[in-house]
Structure formats: structure tokens, C-alpha cells
Asks: 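Starting off with a structure, shown below.
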Amino acid sequence: MKFESLSLCEPLLRGLQQAGYDEATPIQQKAIPQVLQGRDLVGCAQTGTGKTAAFALPTLQLLMAPVAEPTGASRRRQRSGRRAIRSLILSPTRELAGQIAESLATYGRFTGLRHAVIYGGVRQGPQVRVLDAGIDILVATPGRLLDLIGQGFVDLAAVEILILDEADQMLDMGFIHDLRKIVAHVPSRRQTLMFSATMPPAIRKLAGQWLSRPFEVQVTPIASTPERVSQTVHFVQRQDKAATLTRFLNETRRSKTLVFSRTKRGADKIARCLQRDGIRAVAIHGDKSQAKRDAVIREFGSKRPPVLVATDLAARGLDFTDVSHVINYDLPDTPEVYVHRIGRTARAGASGQAVSFCDSDERRQLRMIEKLTGQAVPVEKLPALADNLRSPAVTSETGLKDTRKKGAAEGGRQRPAKHRARHNSQSSRAGSSNSSTGSRRRRAAKASRSRPKERSGVAD
DNA sequence: AAAAAAC
């Protein structure tokens with residue numbers, strides 16, 4: 001179905017056309033008419049299927065529509081002589097907020113509507129100036145928004161449409177307190193939209209209090225993964241993960257590669273290991289300055305992108321083009337995160353590979369992932385790490401070709417012997433060795449860091 | 001227990 005048949009107005013169609021978009025995805029086909037009718041909505045669809053446009057397009061259109069009878073909002077706008085914020089879009093990360101704002105700029109180019117994006121880590125002055133100039137749509141992360149509300153720079157009293165992107169995360173424990181405070185500033189008579197690829201039942205139930213008679217769009221079973229991601233799991237001992245990663249990267253034909261770490265310290269460490277092994281790599285996580293984060297994201301989008309090692313900061317929503325491999329160096333503790341992580345590849349119809357390292361302490365996480373996605377993750381052994389008596393590598397069930405270069409282990413870069421993998425065919429069984437050096441080093445590193453404590457009053 | 005998110 002084409003965008004033309006969704007009764008979108010001419011300026012939006014022009015914006016879409018100029019951006020090269022023509023066909024509406026299933027989530028867009030189903031959500032847009034409902035949003036245009038003013039209904040609350042919960043939209044669940046697989047990663048990379050255009051959820052942002054599914055809320056951005058109808059929101060822009062609703063805000064453009066001339067109002068016959070002046071509403072409170074438009075009266076307020078007339079009286080003050082400037083625009084009021086009529087739609088608020090909340091995002092769990094700064095980078096995703098920025099990306100949503102970019103989409104609004106693209107689709108809304110010919111609408112005459114204005115938007116702004118606000119988040120922490122950058123000077124607030126420029127943000128305040130844009131707010132003062134008057135905007136129709138505000139994209140924000142919770143912390144900075146509350147900060148600016150508190151300082152009296154943001155008035156949400158005219159908000160007509162509230163949108164939670166990555167809604168299940170916004171409603172989860174880390175964000176729910178801030179979210180409640182924010183929603184208290186938004187009129188209760190409003191339209192509320194929630195979008196995510198995952199929506200755990202408990203969270204969905206919680207969401208009910210902010211929704212009235214919501215229309216539910218479920219394009220595919222909740223938490224289903226894109227068919228075009230071929231998934232495999234490698235059983236590996238924890239102490240062999242770094243060597244395994246280096247070898248995998250050296251022996252795999254790949255384009256952009258994203259490696260996920262469970263911790264910030266781990267992300268730094270993995271990036272350092274890769275650099276030491278001669279692989280260009282950069283890390284991104286919440287302890288880096290925003291300037292650094294921006295630079296890293298830019299680099300990853302460049303012609304010669306380094307391997308990006310990230311925390312779950314980059315798990316959701318970010319639309320990197322041409323990611324061929326997502327590697328779960330650590331398995332996430334919540335299975336939903338797995339679905340989002342591997343969704344950074346195989347976007348907009350492309351294909352991709354997701355490779356997960358699973359050590360003996362991560363079997364439970366793997367089981368949870370398989371339960372959530374309703375499919376077993378095929379086990380694959382890395383030939384380079386197994387002894388030479390082992391049978392050849394299993395080809396994934398999707399029939400995708402094994403792209404590893406044969407014999408690359410011998411020809412490729414080798415790390416010093418002490419780092420070399422000690423793997424044999426037994427290594428896929430649960431290992432019992434538990435390295436205490438790792439945790440000791442971690443504690444030492446923690447002690448030497450002298451960062452200010454978490455903000456007060458939110459200790460759990 | 002960790003990550004994200006304000007100064």
C-alpha cells in the first residue's frame with residue numbers, strides 16, 4: 001500500500017516523496033488511520049519496520065489540520081502570539097530522541113510545523129532559545145525535560161498528543177518515576193500513543209492507566225524477531241570471549257558490526273582488546289561525554305566504520321544502515337533487550353546476522369530469550385576455536401551461506417600465545433572455572449574512579 | 001546488579 005492511499009495531506013506526501021519513501025509498512029498502514037481518527041493506540045511491530053513514521057506522520061497531520069472551533073491550545077497560541085507545544089514525544093535515550101527529531105524534520109519539511117529536541121549532556125541555553133521561539137512538537141528525554149519544566153522553560157499545558165517511544169522501557173522501573181512526574185504536567189484530555197517492538201504483559205497492564213479505549217496494533221506476535229536476522233549462539237567460556245570475538249571479526253566477511261556489552265566498563269574493555277588486536281573499534285555508553293557519543297555515532301555511519309562496542313544505550317531504536325552483524329558479547333538479562341539489540345541489523349528489508357556468546361552463567365538468559373521469541377537459537381561452533389578433529393561448522397537453518405573464510409585462522413592476525421583461545425570441543429559444555437581476577441580488577445577500577453555519586457533521592 | 005536519564 002502506498003502512502004497516497006492513507007489520506008495523508010499533500011505536504012506530508014511531498015516530504016515522503018523527497019525522502020524517497022513510497023510504500024507504507026504494515027504498522028504504518030494500520031496505525032496511521034487510527035491515530036488520524038484521534039484514538040489512543042498501542043503499536044507493536046518488529047524492529048526496523050517504521051514505527052517512528054507510524055506516529056510521526058499522523059501527528060504532523062493532526063497538528064496541521066485547521067481547527068474550525070478554536071481549541072484551548074489554538075486560543076492560547078493566538079493570545080500569546082506564539083506556538084504552544086501540542087505534541088510531546090518521549091524517548092529513553094538522547095540518540096534516539098535526536099533520530100526521532102530528524103524524522104520529524106524529514107517528514108514535516110513542508111508542513112510549516114516546528115519541533116525541538118531536548119536532552120541532557122549538552123548546554124541548555126540553545127534548547128531554551130528554541131523553546132522560546134515557539135514549537136509545535138517537542139522530543140525529549142525525561143531528565144532534561146523535567147529540569148526545564150522545573151525552571152519554567154517548558155509548558156506542557158497545551159499538549160494534545162503524548163507519545164511514548166520504546167514504551168515498555170519508558171514504563172519500566174528506570175523511567176516510571178520521571179514519566180509520572182512528566183505526565184502530571186500534560187492535560188489528561190489528550191491522545192496517547194505507545195510504540196515498541198516488545199510489550200511484556202505486566203507493562204502493558206501498567207500502560208492501561210494512561211490509555212483510554214486504545215486501539216491495539218499488533219503486526220506480528222509480540223517480540224518476534226525479523227525473519228531476515230539469522231541467529232546463532234556460541235557456547236564459550238567467559239575467559240575465551242575476547243579471543244573468540246577477535247577471531248570471529250577477523251574471519252568473517254562483514255560490513256558494520258555492533259558488539260553489545262552488559263556493562264559500561266565491559267564495553268571499554270572489549271574495545272581496548274579489539275584495538276590491541278589490530279581491529280578498529282570504538283565504545284559508546286552513558287559515561288562518555290555527549291560530544292564523544294555524537295562523534296562515535298558519526299564514525300559508525302562513515303564509510304570506514306569501526307566496530308562499535310555498546311551498552312544497551314544502543315539497543316533500542318537507533319537506525320544504523322547496513323549493519324551486517326550484531327554480536328552479543330554478553331547476553332542481556334531481560335530477553336526483550338535481545339530482541340531490540342538484534343533488531344539493529346536486518347532493518348527495512350535487509351538481512352543480517354546475530355551472534356551470541358553464551359558462557360556457563362548465561363544459560364538461563366538464553367532460555368528466557370528462546371521462550372520469549374518462541375524459537376530455539378541454533379548452536380554454532382566456531383571452527384577457529386575448536387580442535388581440528390571437530391566436524392565442520394553447522395550452517396544456519398535459514399540456509400544462509402557460511403561467510404567465514406576457510407583457513408583464515410592460520411593466515412590471519414594472531415594474538416600472543418597467552419591470549420590464544422584454549423578451546424577444544426569440550427568447551428561447549430558448562431565450564432566450572434570461575435575467574436576471580438576479573439572481578440578483582442573490576443573492583444580496583446571502580447575504586448580508582450572518582451565520579452560523583454548518582455543523583456540523590458532516587459536510591460532504590 | 002546494570003543501564004538509561006539532569007545539573
Side-chain angles (χ1 to χ4, degrees), chain A residues 88-100 117-128 131 138-154 164-183 185 196 198 203 238 258-270 283-290 292-294 296-297 309-318 328-338 340-341 344 361-362 364-365 368 438-439 442-443 445-446 449 451-460:
Chain A
L88 172 65
I89 304 173
L90 295 173
S91 152
T93 64
R94 299 166 184 174
E95 284 74 14
L96 181 55
Q99 187 181 289
I100 294 165
V117 57
I118 63 174
Y119 49 69
V122 293
R123 283 164 43 217
Q124 79 165 37
Q127 295 178 349
V128 170
L131 288 166
L138 179 61
V139 187
T141 52
R144 177 60 65 89
L145 176 58
L146 280 171
D147 191 354
L148 295 188
I149 291 173
Q151 296 177 62
F153 291 124
V154 180
L164 305 186
D165 199 8
E166 305 300 343
D168 56 332
Q169 191 184 6
M170 300 304 293
L171 295 165
D172 205 355
M173 292 187 304
F175 282 106
I176 189 71
H177 300 301
D178 282 353
L179 190 69
R180 281 187 201 283
K181 284 185 221 157
I182 292 166
V183 175
H185 293 270
S196 182
T198 54
I203 301 279
R238 183 173 304 172
L258 186 48
V259 177
F260 280 104
S261 159
R262 203 174 54 84
T263 65
K264 293 179 274 199
R265 241 41 70 202
D268 282 331
K269 202 169 129 192
I270 294 162
I284 189 167
H285 55 66
D287 279 353
K288 301 246 184 210
S289 72
Q290 193 54 41
K292 184 73 185 164
R293 283 162 62 164
D294 292 343
V296 164
I297 295 284
V309 187
T311 57
D312 287 325
L313 162 63
R316 286 176 177 254
L318 300 187
N328 291 306
Y329 189 94
D330 304 306
L331 286 180
D333 292 323
T334 46
E336 285 79 14
V337 172
Y338 174 86
H340 289 276
R341 282 181 177 184
R344 294 320 97 211
D361 295 331
E362 294 174 311
R364 200 183 61 88
Q365 282 105 299
M368 301 284 283
S439 53
R442 261 194 309 283
R443 277 195 300 276
K446 204 168 190 175
R449 264 185 300 126
R451 285 190 302 118
K453 270 289 168 208
E454 301 273 321
R455 60 187 208 266
S456 57
V458 288
D460 278 354

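Below, read A as the first sequence line, B as the second, and so on, with proteins coming before strands; counting in each chain starts at 1. All heavy atoms count here, side chains included; hydrogens, waters and symmetry mates do not.
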Asks: Could you tell me the separation between the CD1 atom of A:Ile118 and the C1' atom of B:dA6, rounded to a whole number of Å?
Replies: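 After rounding, the reported distance stands at 11 Å.
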Asks: Output the rounded distance in Å from CG (A:Asp361) to P (B:dA2).
Replies: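 For the pair A:Asp361 CG and B:dA2 P, the rounded distance is 15 Å.
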Asks: Any side-chain donor paired with an acceptor under 3.5 Å for A:His285 and A:Asp268?
Replies: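 There is such a pair between these side chains.
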Asks: Could you check how far CG of A:Leu179 sits from P of B:dA4, rounded to whole Å?
Replies: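 Between P of B:dA4 and CG of A:Leu179: 19 Å.
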Asks: Out of curiosity, A:Met368 CE to A:Gln365 CD, how far, rounded to the nearest 0.5 Å?
Replies: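 Taking CE in A:Met368 and CD in A:Gln365, the distance rounds to 8.5 Å.
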Asks: Identify, with sequence neighbours excluded, every residue that meets side-chain contact (heavy atoms from CB on, under 4.5 Å) alongside A:Arg293.
Replies: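 Residues passing side-chain contact (heavy atoms from CB on, under 4.5 Å) with A:Arg293: A:Arg94, A:Glu95, A:Ile284, A:Lys288, A:Gln290, A:Leu313.
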Asks: From the list B:dA4, B:dA6, B:dA2, which nucleotide is the closest neighbour of the side chain of A:Arg262?
Replies: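 For the A:Arg262 side chain, the nearest candidate turns out to be B:dA2.
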Asks: Phosphate oxygens OP1/OP2 of B:dA6: is one of them under 4.0 Å from a side-chain N or O of A:Arg94?
Replies: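 Checking A:Arg94 against B:dA6: at least one side-chain N or O falls below 4.0 Å of OP1 or OP2.
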Asks: Under 4.0 Å: is that the gap between some side-chain N or O of A:Thr263 and OP1 or OP2 of B:dA1?
Replies: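 It does not, given that no N or O in the side chain of A:Thr263 lies less than 4.0 Å from OP1 or OP2 of B:dA1.
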Asks: Categorize A:Gly120 for me: base, sugar-phosphate, or nothing, with a 4.0 angstrom heavy-atom threshold over every strand shown.
Replies: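 The answer is sugar-phosphate, as A:Gly120 gets under 4.0 Å only of primed atoms, P, OP1 or OP2.
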Asks: Only pairs under 3.5 Å count here: list side-chain donor-acceptor contacts from residues 166-176 of chain A, not counting sequence neighbours, and write none if there are none.
Replies:
unit_1   : atom_1 : unit_2   : atom_2 : d
A:Glu166 : OE1    : A:Arg316 : NH1    : 2.8
A:Asp168 : OD1    : A:Ser196 : OG     : 2.8
A:Asp168 : OD1    : A:Arg316 : NH1    : 2.9
A:Asp168 : OD1    : A:Arg316 : NH2    : 3.4
A:Asp168 : OD2    : A:Thr198 : OG1    : 2.5
A:Asp168 : OD2    : A:Arg316 : NH2    : 3.1
A:Gln169 : OE1    : A:Arg316 : NE     : 3.4

Asks: Which pair of heavy atoms, one from A:Leu331 and one from A:Glu362, lies closest together, and at what distance?
Replies: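 Minimum heavy-atom contact is N-OE2, 3.0 Å.
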Asks: Name the nucleic acid region contacted by A:Arg293, choosing base, sugar-phosphate or nothing; use a 4.0 angstrom heavy-atom cut-off, strictly under.
Replies: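 Sugar-phosphate: the residue A:Arg293, judged by heavy atoms under 4.0 Å, touches backbone atoms but no base.
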Asks: Please state how far atom CD1 in A:Ile149 lies from atom P in B:dA6, giving the value in whole angstrom units.
Replies: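 The answer, rounded to whole Å, is 12 Å.
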Asks: Using a 4.0 Å heavy-atom cut-off, does A:Gly121 contact any base of the nucleic acid, only the sugar-phosphate backbone, or nothing at all?
Replies: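 The residue A:Gly121 makes sugar-phosphate contact but no base contact.
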Asks: NZ of A:Lys288 versus P of B:dA5: gap in Å, rounded?
Replies: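 Result: 14 Å.
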Asks: In whole angstrom, give the distance that lies between atom NE2 of A:His177 and atom P of B:dA5.
Replies: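 Interatomic distance, NE2 of A:His177 to P of B:dA5: 17 Å.
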Asks: OP1 or OP2 of B:dA4 versus the side-chain N and O atoms of A:Thr311: is any pair under 4.0 Å?
Replies: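 Indeed, a polar side-chain atom of A:Thr311 lies that close.
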Asks: Whole angstrom is fine here: how far is it from CZ in A:Arg316 over to P in B:dA3?
Replies: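 Taking atom P of B:dA3 as the reference, CZ of A:Arg316 is at 16 Å.
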Asks: Taking atom C1' of B:dA3 as reference, at what distance in whole Å does atom NZ of A:Lys264 sit?
Replies: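 After rounding, the reported distance stands at 6 Å.
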